[in-house]
Number of protein chains: 2
Amino acid sequence: MRQDGICNMVKRIDAHRTLERKDIALLEKLFDREFRQVSAGESLWREGENADSLVFLQAGWACSARYHKDGSRQLLEIFLPGDVLGLCRIALSDRRTDAVMLTDGWISELPYSSLLELFNESPNTAALLFAIANQRMAMLAERQIIMAHRSARERTAHFICECHTRLLETGATCREEFLLPLTQQDLADALGMSAVHVSRTFSHLAQEGLVYRNQFQLVILDSDRLKEMAAFDDRYLRIVWNDEMSLANADQAFREPPQALQGLLDEL
Amino acid sequence: MRQDGICNMVKRIDAHRTLERKDIALLEKLFDREFRQVSAGESLWREGENADSLVFLQAGWACSARYHKDGSRQLLEIFLPGDVLGLCRIALSDRRTDAVMLTDGWISELPYSSLLELFNESPNTAALLFAIANQRMAMLAERQIIMAHRSARERTAHFICECHTRLLETGATCREEFLLPLTQQDLADALGMSAVHVSRTFSHLAQEGLVYRNQFQLVILDSDRLKEMAAFDDRYLRIVWNDEMSLANADQAFREPPQALQGLLDEL
DNA sequence: ATCGTGCGATAACTTAGGTTTACTTTGCCG
DNA sequence: CGGCAAAGTAAACCTAAGTTATCGCACGAT
């Protein structure tokens, strides 16, 4: 049970670039601390609170959201098992969103101070976390692109494709059918549309034989046509290292301090 | 001239948290390399190209954008003098957007490999870059929130507030009047609306005495009411360090290697 | 059994904003 | 100076999606 979550994280990264055993071990040590059970609806943090830790989602789904004065809400990010929450406020002071569990789950918290140690000790693994943060950024960017000019149908299709792809990468045992634990209201808040229209949209998608949703079960009927309508290109999700920043390079650099910057530091 | 750009960057960060002289010096050394003159419309990189460097925008405006098959376009980020482009693909392999100059300007490029050296030599300054990347992420998140549920007027108002605030932070000599070098089509692509509607929206805003736009000159007539209608809260733009990740801490940790992780590393 | 509650579906009506087309205004360049 | 292209404005029309309201269903609690 405990190891599964780390496995998810490692597996996902490893799918694209083989990690060295050392790095895996370091990640496991870093994240495999006391886990806490949390239940659906439970808040992980609130807007305005001091941001001083990462949350590692070992099992369950979560999301980050902004609440407006008028009672409406915008879901910003969806977190799946194996994801890390809070990477976007590292180094900045306070939370700018709420974070809420969508399902029951298990989490562990990692204070930023440990992270700082990591920065010092292993630029290797630090670059890895940077990559994960970069992937989150890519998701935000892609969401914005999709939200701006695409129709409700396309947005919905894209969202489903994204969730499905991300789930598959954690090695979940789902192929064309999986659990999407969001109510239509949640989906509406995530996709920037009304709950009623989410309902309509799913009806249309079902009519066209693309996806079928019942309760929280989601069945993808025609994956190819769905991806086509969503103009879904999964490249933005792929964690593929830049050679300049690759683990191998970082590792080497870690062992043999570079010349260029050393010169600068000496001067100061 | 050359120093101005660095000044912009440093000033903006320094406005919120005093930098140590050492860090400033390191930043200056790092970014103050051969500058290249670029002209409006010039491409800095294209989607799909290998991402192997940061671009430091010393003078001029730029943007990142995604082009769609149907010819339409989505502007993702706007970059002002003193901004760093490409932070969101560090550690990932290829560009997922185009980057284009909006005006003439001066830029310098910084290969990721130098960055890696920085990671090794000064976690201090690395954390600082992380913070700048975090700020970009916050901008993306905020844009998404605004785009999802807010009207064209509110979106436009928010965009203006954001640009104005960011400009002020670079210490630009603009108070309520400044140059916004985007055509109505550019604004439309950034805000996810049609150019015609941008025109309509600016007419309305002018009628209500909020802002006035002529050519690329933008005059804010009633800043308070504008911010109110945009529900603009500039906190997401502020680079305020988390104490856990503060420069002082990082610096200290840099001098005295920490114990916790050292133990882990010894084991491996 | 029966309530209450939350989720989802459907229909009727309204509206913000897209699309199209046509007409200005501005700047540029020979 | 004339002519051309790019940018902006205006009006007419249309459609996607919001809003409101009602209804059905599943479920848990009483």
Side-chain angles (χ1 to χ4, degrees), chain A residues 39-41 61 68 70-75 100 102-103 146-160 179-208 211-219 229-230, chain B residues 39-41 68 70-75 100 102-104 146-160 179-208 211-219 229-230:
Chain A
S39 46
W61 290 49
H68 302 289
D70 61 11
S72 70
R73 181 179 72 147
Q74 173 65 29
L75 293 203
V100 180
L102 289 166
T103 67
I146 291 300
M147 299 273 282
H149 271 301
R150 304 294 151 189
S151 70
R153 245 205 293 267
E154 291 166 314
R155 270 179 284 170
T156 309
H158 191 277
F159 184 83
I160 294 169
L179 214 71
L180 184 69
L182 306 187
T183 66
Q184 290 191 345
Q185 185 60 57
D186 292 334
L187 289 163
D189 292 342
L191 297 170
M193 48 206 269
S194 69
V196 174
H197 203 52
V198 169
S199 178
R200 278 199 280 242
T201 304
F202 270 102
S203 299
H204 288 154
L205 290 176
Q207 265 178 22
E208 296 174 46
V211 296
Y212 173 69
R213 192 188 106 107
N214 188 26
Q215 305 295 90
F216 294 124
Q217 275 296 328
L218 202 128
V219 188
M229 107 154 328
Chain B
S39 48
H68 302 290
D70 62 11
S72 70
R73 182 179 70 145
Q74 172 65 28
L75 293 204
V100 180
L102 289 166
T103 68
D104 297 342
I146 291 301
M147 300 272 282
H149 272 301
R150 304 291 150 192
S151 72
R153 244 206 293 268
E154 291 166 314
R155 270 179 284 172
T156 310
H158 191 276
F159 185 83
I160 293 169
L179 214 70
L180 184 70
L182 306 186
T183 66
Q184 291 190 344
Q185 185 60 58
D186 292 333
L187 289 163
D189 293 341
L191 297 171
M193 48 206 270
S194 71
V196 174
H197 202 55
V198 170
S199 179
R200 280 198 279 242
T201 304
F202 270 102
S203 300
H204 287 155
L205 290 176
Q207 266 179 20
E208 298 173 46
V211 297
Y212 173 69
R213 191 189 107 106
N214 188 27
Q215 304 296 90
F216 294 124
Q217 276 296 327
L218 202 127
V219 188
M229 106 157 325

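Residue numbers begin at 1 in each chain, while the letters A, B, ... track the order of the sequences.
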Legend entry - Where B:A148 and A:M147 come nearest, the two heavy atoms and their spacing: CB-CE, 3.6 Å
Inset, instruction - Just jot down the side chain to side chain donor-acceptor pair (under 3.5 Å) partners of B:S203, sequence neighbours excluded, or say none. - result: none
Legend entry - DNA chain D: 5'-most and 3'-most nucleotides touching chain A, 4.0 angstrom heavy-atom criterion: D:dA17 to D:dT20
Inset, instruction - Could you list the residues that satisfy side-chain contact (heavy atoms from CB on, under 4.5 Å) with A:E208, not counting sequence neighbours? - result: A:R153, A:H204, A:L210
Inset, instruction - Only counting residues at least two apart or in another chain, list the ones meeting side-chain contact (heavy atoms from CB on, under 4.5 Å) with A:A195. - result: A:Q185, A:A188
Inset, instruction - Under the side chain to side chain donor-acceptor pair (under 3.5 Å) rule, collect the residues that match up with B:E154, sequence neighbours excluded. - result: B:S151
Legend entry - By side-chain contact (heavy atoms from CB on, under 4.5 Å) - contacts of B:Q184 (at least two apart): B:V198, B:S199, B:R213
Legend entry - With sequence neighbours excluded, residues passing side chain to side chain donor-acceptor pair (under 3.5 Å) with B:H197: B:R200
Legend entry - Those residues that, when tested against B:S72, pass side-chain contact (heavy atoms from CB on, under 4.5 Å) (two or more places apart): A:R150, B:H68, B:D70
Legend entry - Exercise: identify the closest heavy-atom pair between A:T156 and A:M193: OG1-CE, 3.9 Å
Legend entry - Angle of first-five versus last-five pair axes in the helix from C:dA1-D:dT30 to C:dG30-D:dC1, to 10 degrees: 30°
Legend entry - Heavy-atom protein contacts under 4.0 Å, nucleotides 17-29 of chain C, coded B base, S sugar-phosphate only, - none: SBBB-----SS--
Legend entry - Pairs touching residues 180-193 of chain B that satisfy salt bridge (charged side-chain N to carboxylate O under 4.0 Å, His left out), sequence neighbours left out: B:R73-B:D186, B:R73-B:D189
